[in-house]
Amino acid sequence: MRLSKTHVPTLKEAPAEAEIPSHILMVRGGYLRKVAAGVYSFLPLGWRVIQKISRIIREEMTRAGAQEVFLPAVIPGELWQESGRWDVYGEQLLRFKDRKGADFVIGPTHEEAIVDLVRGDVRSYRQLPLNLFQIQTKFRDELRARAGLMRGREFIMKDAYSFHATDEDAQREYQFMYDTYTRIFNRCGLAFRAVEADTGAIGGSLSHEFQVLAETGEDALLACDSCGYAANVEQAKARPPAAAAPSAAALEKVATPGKRTVEEVTAFLGLRPENLVKTLLHLADGKPVAVLVRGDHNLNEIKLKRELGARDLVLASDESVEDATGAPVGFAGPVGLGTPIYCDLEVCAMPSCVCGANVADAHYKNVVCKRDFQPTVCGDFRDAAVGDACPRCESGHLVGYRGIEVGQVFFLGTKYSVPMKCNFLDADGKEKPMIMGCYGIGVTRVAAAAIEQNHDKDGIVWPVAIAPYEAALLSLQVGDPQVTEVAERLYAELGKAGIEVLYDERDERPGVKFKDADLIGLPYRIAVGKKGVAEGVVELKARRSPEVHKVKIEEVVRVVREKVVAERAGGGA
RNA sequence: CGGGGCGUAGCGCAGUUGGUAGCGCGCUUGCUUUGGGAGCAAGAUGUCGUCGGUUCAAAUCCGGCCGCCCCGACCA
């Protein structure tokens, strides 16, 4: 493609609203323009990237035996009422009425639509298994759209849904999809990691997220430095502590005037945060519960919510805390407390601890779990942390990463098939619910994540597999007949060799072309200049490395072709 | 939804005590330049987010609304 014939409006300065590299560079590089908060138009270069990613996904899903379909973006509200999610999905679900007053939603995900499709036509185990996927525009009315394509409201997603007759078959499919996702992200040329994940609003019993590793990632990940264990911090466990012998020292009340926070109390009493226990009062569906975690640990609300089986869990307001404990905030403790007490395993394992005394300006020392208070439940209610012992192996410890979630696989079981009566007749003539899985990839987010992982101060550094074009061809002096002759010839030959090339034949100064080429970020750059042509050479440079190579004009197409072909399959240079 | 900030030319921004709008980049034309975002000259471009109020006079002061961004809460 000739650059003068394609719409690539590059900018020297990015809009002030763009903050993260992928957003800034996609706008500056002429890939993307904003239409509304979290809603974007793709320009020709941006859409080519999306098409490249989609093609890789399509090829690998098809290869794995899944079949592509296309469900509607607009879904009747009654299907969502049937699944029960009409009431639980909340404000992120964009709802509207048609002219007759019937409820509709714009699909944020398509379990309801696919189940409705499959249950209508599939009656027998002979028609199973089935794995159907689509590449669709979704809309989620995020409480706060941000960061360009990373967290848009409208976005493109590949979603697949599998239906099996038996649990074993469905488990096998889950593993197969996990392997397929690994192939897809490898082909995209991304450094990523699959981690164990929470199932969230989609539900189900088993889930992995595929996380592109990048400093700017929103998700905190923990991985073992010794075995293969890796998990989102929402889900990660640490090895349960060995219980220490309980202290024999007697419970003792100490004055701690005005000392409320962990820092204040530990400084005042000369302790360390790990000697203290935080008592965090929450309202679970409106009822007060207390949670105990060590002073240096973070409560994990997802784990607590799961244990409680609560729909809604919020930190109690100051008034609720005073109602429940009889003391101002900062002095809550489990001793003599009337609410249920959820006690983290690390707290149960402490020989004794310091905690609030449920009266103003006082704490208890030498508090022993099960002697001085009775926990309702002892369990894992904290975030695992960097340095904790691995829950899977004997020797490893957890290290931290940041990641961008680009895909997630779920083992759903019968979460949707039971309420929506997606049943089949088994060989024994019995009606059974289908066993489901669902598998998503954020196509637009993959593009953003690729840039977050691959950019420098000058612009994007695309992996070959998802770059909008594979090479940039720059004519540095369009007024020079020899330069133009060589550039035109190379453009034709690169095309014949099957290289996707963007040919900059604009009447611009060389500096402008170099700057734009760096910004746009195509993997290879061939610069045709007057001096080189006189010597029979052009310059070849890989975007990801600083060296510039002089290559004979007759050889450059072959050299570029070899490099590009080698990298098309993913994995980078 | 809580906290903070912003809305002035395509983009980045300035605009003082209220007096009818400017700078840089980009854009158009010409000449000169031509290996890392050129120089000179001449131009074009505004519902100052919006509605109302105060005033002889509002980008500027006051109020409502809308939009956008950041932090938090939330989230396949």
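Chain naming here is simple, since letters A, B, ... match the order of the sequence lines and numbering starts at 1 in each. Because only heavy atoms are used, hydrogens play no part in the values below, and waters and symmetry mates are left out as well, while side chains stay in.
The same atom, C1', is picked in B/A21 and in B/A9; the two are 11 Å apart, to the nearest Å. Only the C1' atoms considered, B/G46 is 34 Å distant from B/G3, to the nearest whole Å. For the C1' atom pair drawn from B/U33 and B/C69, the interatomic distance equals 42 Å after rounding to whole Å. Going from the C1' atom of B/A14 to that of B/U8 covers 10 Å, rounded to whole Å. Across the C1' atoms, B/C6 and B/U17 are found 25 Å apart, a figure rounded to whole Å. With P as the reference atom, B/C1 and B/G19 are 37 Å apart, rounded to whole Å. B/G22 and B/G15 have their C1' atoms separated by 7 Å, given to the nearest Å. B/U54 and B/U60 have their C1' atoms separated by 13 Å, given to the nearest Å.
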Could you go through A/E505 and A/S475, starting from their C-alpha distance and side-chain angles, then the distance that decides it, and tell me whether this counts as side-chain hydrogen bond (donor to acceptor under 3.5 Å, both in side chains)?
CA-CA 6 Å; A/E505 25 66 289; A/S475 169; over 6 Å; no
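Ring to ring, A/Y439 and A/Y178 are not that close: their centroids are 6.0 angstrom or more apart.
Where A/R153 and A/E301 meet RNA chain B, the nucleotide closest to each residue was compared, and A/R153 sits on the side nearer the 5' end.
Closest to the side chain of A/A16, out of B/C69, B/G12, B/G37, is B/G12.
Atoms CG (A/L43) and P (B/G10) sit 17 Å apart, rounded to a whole Å. Rounded to whole Å, the distance from CD on A/E17 to P on B/C71 is 14 Å. Here B/G37 presents its C1' atom at 13 Å from CG of A/D504, a figure rounded to the nearest Å. Atom-to-atom, CG of A/L474 to P of B/G37 comes out at 14 Å; the value is rounded to the nearest Å. Going from atom CD1 of A/I520 over to atom P of B/G36 covers 18 Å, rounded to whole Å.
Remark: the backbone N or O of A/R382 is paired with a side-chain donor or acceptor of A/K303 at under 3.5 angstrom.
Ring geometry, A/H23 versus A/Y40: the interplanar angle exceeds 60°, so the pair is classed perpendicular (tilted spans 30 to 60°). Using bins of under 30°, 30° to 60° and over 60° for the plane-to-plane angle, the ring pair A/Y342/A/F381 lands in the perpendicular bin.
Around atom CD of A/E215, no more than 12 heavy atoms belonging to other residues, nucleotides or ligands sit under 6.0 Å away.
Residue contacts shown for A/D159 are absent, as no nucleic acid heavy atom lies under 4.0 Å away. In this structure, A/E218 reaches neither bases nor backbone, as no heavy-atom distance under 4.0 Å exists between it and the strands shown. Residue-level contact check: A/A14 touches the backbone only, with heavy atoms under 4.0 Å from sugar-phosphate atoms and none from bases. Using a 4.0 Å heavy-atom criterion, one finds that A/K34 contacts the sugar-phosphate atoms exclusively.
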Please write out the pairs of protein N or O atoms and N or O atoms of nucleotides 32-35 of chain B separated by less than 3.5 Å, giving the distance to one decimal.
residue: B/U33; atom: O2; partner: A/R509; partner atom: NH1; Å: 2.7
residue: B/G35; atom: N7; partner: A/Q477; partner atom: NE2; Å: 3.3
residue: B/G35; atom: N1; partner: A/E539; partner atom: OE1; Å: 3.3
residue: B/G35; atom: N1; partner: A/E539; partner atom: OE2; Å: 3.1
residue: B/G35; atom: N2; partner: A/E539; partner atom: OE1; Å: 2.3
residue: B/G35; atom: N2; partner: A/E539; partner atom: OE2; Å: 3.0

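Look at A/K12 and you'll find a side-chain N or O under 4.0 angstrom from OP1 or OP2 of B/G26.
No hydrogens or angles were tested; on distance alone, nothing pairs the side chain of A/R28 with the base of B/G12 as donor and acceptor under 3.5 Å. Side-chain to base pairing of A/E13 with B/G24: one donor and one acceptor N or O lie within less than 3.5 Å of each other.
Shown here for A/E142 and A/G152, the closest heavy-atom pair between the two residues is CG-O, 3.9 Å.
Inter-residue side-chain proximity for A/D518 and A/R525 is flagged as met; some heavy-atom pair is nearer than 4.5 Å.
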